[in-house]
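Here is the structure we will look at, set down as structure tokens.
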Amino acid sequence: MKIATPLVPTTDEHLIGQAAGGDFTAYQELVTRFQVRVFGVAFRIVGQRQDAEDVTQQTFLSLIEHIDSFRGESSVATWLLRIATNHALKLLRKRRGLPTVSLSGPTDDDDNYSSLPHPDFIARWSATPETLAQRAEVREQIGSALNTLDDKYRVVFVLRDIEGMSVRETAEALDLTEGTVKVRLLRARLMLREQLTRQFGDEATRLFPDHEHG
Amino acid sequence: MTCEELLKALNEYVDDETALAVCQEFAEHLAGCDPCQVVVDNIRQSIALYKAGEPYPMPPEFEARLRNSLKERWQQKFGKVS
């Protein structure tokens, strides 16, 4: 009789190695570790549950297909989130009837610091983010605000600011240069700041620069 | 430092105000420009708000379906699930 070996806490990389050798338990442990994160990223990029489920499933199916191609050049998390992001972007393109090519082209016209969106509505918020986050309607509002961003900005914001990946990891995951990630992130942050401050800013504290801004 | 220059340097300052060579200049600008200080605060609050939000829970019925489909594909590739 085979004695089940208890799965001791082990690294993600070790689990990948075991799974690549055909260990289904190790694979399942990887799914358990990352499924909520993958689903969350997918949901934030595609904006709806059914599509997020499809992306999550595609991501873990891809993991089976490509499990022996993991080279350890990035962390397992970065690798998996890259797969998830690519599936999510592909689905968005398909949904919009566009060719499913990469959205991450490095040569977009606005990938520089000229004509940055300038802050217009400047005011202190009426409540802390922690308090606001408790309210269901706020969660909907911030989800809607995120969905108004162009895909290329939303994806960078999700990976860098929500998932907490570094600029370098975000660049790796999206096949972009770090410079492009930084400028897209800045644009995403400025656009979201504008929208959220219009919703949560206290009108009474609104400020108007007293000198030429820009 | 002008407000325009500040805008370009905003990312680094928002991420880590101690690690930036330009931070002294940045801080000096902020001290004399309340609107820019509020913009920096607003950006930090925006990021904090997204981070504070609950992660999207995975529907339990989906997890069951997911696990079944993964097991099926695994068996196709490896022929076993042990």
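Every chain is numbered from 1 and lettered A, B, ... according to where its sequence line falls, protein lines coming before strand lines.
Proximity to chain B (any heavy atom under 4.5 Å) is restricted, for Arg49(A), to the side chain, taken from C-beta onward. In this structure, chain B has heavy atoms under 4.5 Å from both the backbone and the side chain of Leu146(A). Using a 4.5 Å cut-off between heavy atoms, Asp41(B) contacts chain A through its side chain alone, with no backbone atom that close. For chain B, no part of Ala42(A) is nearby; none of its heavy atoms comes within less than 4.5 Å. With a threshold of 4.5 angstrom between heavy atoms, Thr59(A) does not approach chain B through any atom at all. Using a 4.5 Å cut-off between heavy atoms, Gln75(B) makes no contact with chain A at all. Val138(A) touches chain B through its side chain: at least one heavy atom from C-beta onward sits under 4.5 Å away, while N, CA, C and O do not. Contacts of Gln195(A) with chain B are absent, with no heavy-atom separation under 4.5 Å from either backbone or side chain. Both the backbone and the side chain of Lys8(B) come within contact range of chain A, each with at least one heavy atom under 4.5 Å from a heavy atom of that chain. With a 4.5 Å cut-off on non-hydrogen atoms, Arg160(A) touches chain B through its side chain but not through its backbone.
In this structure the side chain of Arg67(B) reaches within 4.5 angstrom of the side chain of Val31(A), judged on heavy atoms. The closest side-chain heavy-atom distance from Ser46(B) to Asp161(A) is not below 4.5 Å. Residues Gln28(A) and Lys71(B) form no side-chain contact, since every pair of their non-hydrogen atoms from C-beta on lies 4.5 Å or further apart. Here the side chains of Leu49(B) and Gln141(A) are not in contact, with every heavy-atom distance at 4.5 Å or above. Side-chain contact between Phe24(A) and Phe78(B) is absent, with no heavy-atom pair separated by less than 4.5 Å. Residues Leu10(B) and Leu190(A) form a side-chain contact, since some pair of their non-hydrogen atoms from C-beta on lies under 4.5 Å apart.
Heavy-atom pairs under 4.5 Å with chain B peak, among Leu192(A), Leu196(A), Ile142(A), Thr128(A), at Ile142(A). Ranking Val167(A), Ile67(A), Leu185(A) against chain B, the residue ahead of the rest is Leu185(A), based on heavy-atom pairs under 4.5 Å. Per-residue heavy-atom pair counts under 4.5 Å with chain A were compared for Leu70(B), Ile43(B), Asp34(B), and the maximum is reached by Leu70(B). With respect to chain B, the highest number of heavy-atom pairs below 4.5 Å among Arg189(A), Glu163(A), Gln57(A) belongs to Arg189(A).
Across all non-hydrogen atoms, the minimal contact from Leu66(B) to Gln35(A) is CD2-OE1, 4.1 Å. Minimum heavy-atom separation, Tyr50(B) to Ala145(A): OH-CB, 3.7 Å. Annotation for Ala48(B) and Glu130(A): closest pair CB-OE2, 4.4 Å, computed over non-hydrogen atoms. Residues Pro119(A) and Val39(B) share a closest heavy-atom pair of CB-CG2, 3.7 Å. Heavy-atom minimum distance, Phe157(A) versus Ile47(B): CE1-CG1, 4.2 Å. Annotation for Phe39(A) and Met58(B): closest pair CG-CG, 3.4 Å, computed over non-hydrogen atoms.
Formation of a donor-acceptor pair under 3.5 Å by the Lys77(B) side chain with backbone atoms of Ile64(A) is found in this model. At least one donor-acceptor pair under 3.5 Å links the side chain of Asn42(B) to the backbone N or O of Ala123(A).
Annotation: Glu61(B), atom CD; neighbour count of heavy atoms from other residues, nucleotides and ligands within 6.0 Å is above 12. In Arg168(A), the CZ atom is not crowded: 12 or fewer heavy atoms of neighbouring residues, nucleotides or ligands sit closer than 6.0 Å.
Here Leu63(A) contributes atom CG and Arg73(B) contributes atom CZ; the two are 12.0 Å apart, rounded to the nearest 0.5 Å.
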